[in-house]
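Reviewing the structure listed below.
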Amino acid sequence: MNIRKILFYKIGIGCIAISSFISACSMSKKDGNNNNGIFALLAAISATTGSVTPTLTATGGNLQIVLSWDTVAGAESYNLYHSTSASFTSQTGSKITGVTSPYVHTGQVDAASRSYILTAVRGGQEGPASSIQTATAGLCGNNITQTYASEACDDGNTIDNGNGCSTTCKRVGFCGDGTRQSIFEACDSSGVNAVTCDSDCTAPVCGDGIRNAAAGEACDDGNVNNGDTCNSTCSGP
């Protein structure tokens with residue numbers, strides 16, 4: 001850029017800034033946020049400043065991957081790019097335009113990973129891409145608990161048969177609710193010690209560190225050694 005062009009550019013920018021300042025100062029009506037004059041201008045500028053790089057999160061699910069992100073100030077839309085490669089760019093990935101958070105990417109393959117990046121469009125321009133996020137989809141009902149796909153259990157079916165594993169491979173209930181979920185619990189005595197159940201929903205065992213008086217324990221120091229604070233049968237020192 002030659003000296004003349006640079007001069008005209010600087011003069012133009014200066015004129016725009018001065019014009020905006022004069023216009024803002026001459027405003028007599030308050031904006032929707034009760035800001036007057038120059039403060040209205042500053043509020044408008046603030047709404048379009050800040051990071052334009054989205055923070056993307058990818059979470060595996062049942063033959064799907066869920067993408068979510070925080071809103072970018074002033075963003076008009078978002079573009080999502082994806083690939084089976086863990087290292088790709090917006091030029092090499094497949095593009096999905098106009099996505100909203102959370103976005104559920106369905107049609108995934110069991111145990112297959114997919115990587116994603118996200119861009120925000122602001123002022124008609126696509127901003128920088130987020131860091132690459134990779135997630136792996138699973139298949140609920142295959143009798144394999146795939147924690148990477150957000151499964152808490154998998155009993156080999158998608159039927160709610162009362163064993164504590166839901167139709168979507170999530171846990172139903174909790175220890176202490178009075179209902180035994182057989183996949184997770186040996187028993188459930190509503191959160192208290194009972195003759196056949198400890199408060200943590202396990203069967204009473206001497207040496208487990210839980211003194212269960214209802215089950216006949218006088219003590220339980222977490223082991224079955226003699227000569228310490230509790231003997232090997234949990235009946236006393």
| request: Grab the two heavy atoms, one from Cys165 and one from Ile183, that are nearest each other, plus how far apart they are. | output: CB-CD1, 3.7 Å
| query | Do the non-hydrogen side-chain atoms of Leu118 and Val99 ever get within less than 4.5 Å of each other? | reply | yes
| Quick one: are Arg171 and Ser166 in side-chain contact, heavy atoms under 4.5 Å? | no
| query | Checking Glu76 side chain against Gly123 main chain: does a donor-acceptor pair fall under 3.5 Å? | reply | yes
| message | If I compare all heavy atoms of Gly207 with all of Cys234, which pair ends up nearest, and what's the gap? | response | N-SG, 3.6 Å
| So do the side chains of Trp69 and Thr55 get within less than 4.5 Å of each other, counting heavy atoms only? | no
| Between Ser189 and Asn193, is any side-chain donor less than 3.5 angstrom from a side-chain acceptor? | no
| message | Which heavy atom of Asp188 sits nearest to which heavy atom of Cys197, and what is that distance? | response | N-SG, 3.5 Å
| field | Closest approach of Pro54 to Ser130 (non-hydrogen atoms, all atoms of both residues) | value | O-CB, 3.2 Å
| request: Take Leu63 and Thr106, measure what side chain to side chain contact (heavy atoms under 4.5 Å, CB included) needs, and give me the verdict at the end. | output: CA-CA 6 Å; Leu63 298 182; Thr106 58; over 6 Å; no
| Distance (rounded to the nearest 0.5 Å) between Cys201 SG and Gln181 CD | 7.5 Å
| message | Counting C-beta onward and ignoring hydrogens, is there a side-chain heavy-atom pair between Val192 and Ser199 closer than 4.5 Å? | response | no
| field | Joint cluster assignment, Ile210 & Val205, ILVMFWY side-chain distance < 4.5 Å | value | no
| message | If we ignore hydrogens and angles and just use 3.5 Å, is the side chain of Asn212 paired with the main-chain N or O of Ala194 as donor and acceptor? | response | yes
For residues 133-140, run the donor-acceptor check on the side chains, cut-off 3.5 Å, and write out each pair with its distance to 0.1 Å, sequence neighbours left out.
from   : atom 1 : to     : atom 2 : distance (Å)
Gln133 : NE2    : Ser131 : OG     : 3.1
Thr134 : OG1    : Ser115 : OG     : 2.6
Thr136 : OG1    : Ser113 : OG     : 2.6

| Sub-4.5 Å side-chain heavy-atom contact between Phe184 and Asn163 | no
N/O donor to acceptor pairs below 3.5 angstrom from side-chain atoms of residues 79-88, sequence neighbours left out:
from  : atom 1 : to     : atom 2 : distance (Å)
Asn79 : ND2    : Glu126 : OE2    : 3.0
Tyr81 : OH     : Glu126 : OE1    : 3.4
Tyr81 : OH     : Glu126 : OE2    : 2.7
His82 : ND1    : Arg114 : NH1    : 3.1
Ser83 : OG     : Ser85  : N      : 3.0
Ser85 : OG     : Ser87  : N      : 3.2
Ser85 : OG     : Ser87  : O      : 3.0

| task | Answer yes if Ile117 and Val52 sit in the same cluster of Ile, Leu, Val, Met, Phe, Trp and Tyr residues linked by side chain heavy atoms under 4.5 Å apart, and no otherwise. | result | no
| field | Chi angles and distances behind the side chain to side chain contact (heavy atoms under 4.5 Å, CB included) call for Ser150, Thr59 | value | CA-CA 8 Å; Ser150 307; Thr59 306; 3.4 Å; yes
| message | For the residue pair Asn62 / Glu151, report whether a side-chain donor-acceptor contact shorter than 3.5 Å exists. | response | no
| Audit row: Asn161, Asp155, side chain to side chain contact (heavy atoms under 4.5 Å, CB included) steps and yes/no | CA-CA 10 Å; Asn161 52 20; Asp155 57 358; 3.7 Å; yes
| request: Flag the pair Thr202 / Glu185 as yes when at least one side-chain heavy-atom distance between them is below 4.5 Å, and no otherwise. | output: no
| Quick one: are the Cys153 and Cys169 sulfurs under 2.5 Å apart? | no
| task | Any chance you could measure Leu67, atom CG, to Ser101, atom OG, to the nearest 0.5 Å? | result | 8.5 Å
| Ala186 to Ala203 - nearest heavy-atom pair and separation | CB-N, 4.0 Å
| request: Scan Thr229, Asp228, Thr233 and name whichever one has a side-chain hydrogen bond (donor to acceptor under 3.5 Å, both in side chains) with Asn231. | output: Thr233
| request: Would you check if there is a donor-acceptor pair between the side chains of Asn143 and Asp154 at a distance under 3.5 Å? | output: no
| task | Report yes if the SG atoms of Cys230 and Cys219 are separated by under 2.5 Å, and no otherwise. | result | yes
| said: Looking at every non-hydrogen atom in both residues, tell me the closest pair between Gly236 and Ala218 and how far apart they are. | reply: N-CB, 4.2 Å
| If we only count heavy atoms from C-beta on, is the Thr97 to Ser77 side-chain gap below 4.5 Å? | no
| request: Find the distance between OG1 (Thr167) and CG (Asn157) and round it off to the nearest 0.5 Å. | output: 9.5 Å
| message | Just so I know, are the side chains of Leu56 and Tyr116 near enough to count as touching, which here means a heavy-atom distance under 4.5 Å? | response | yes
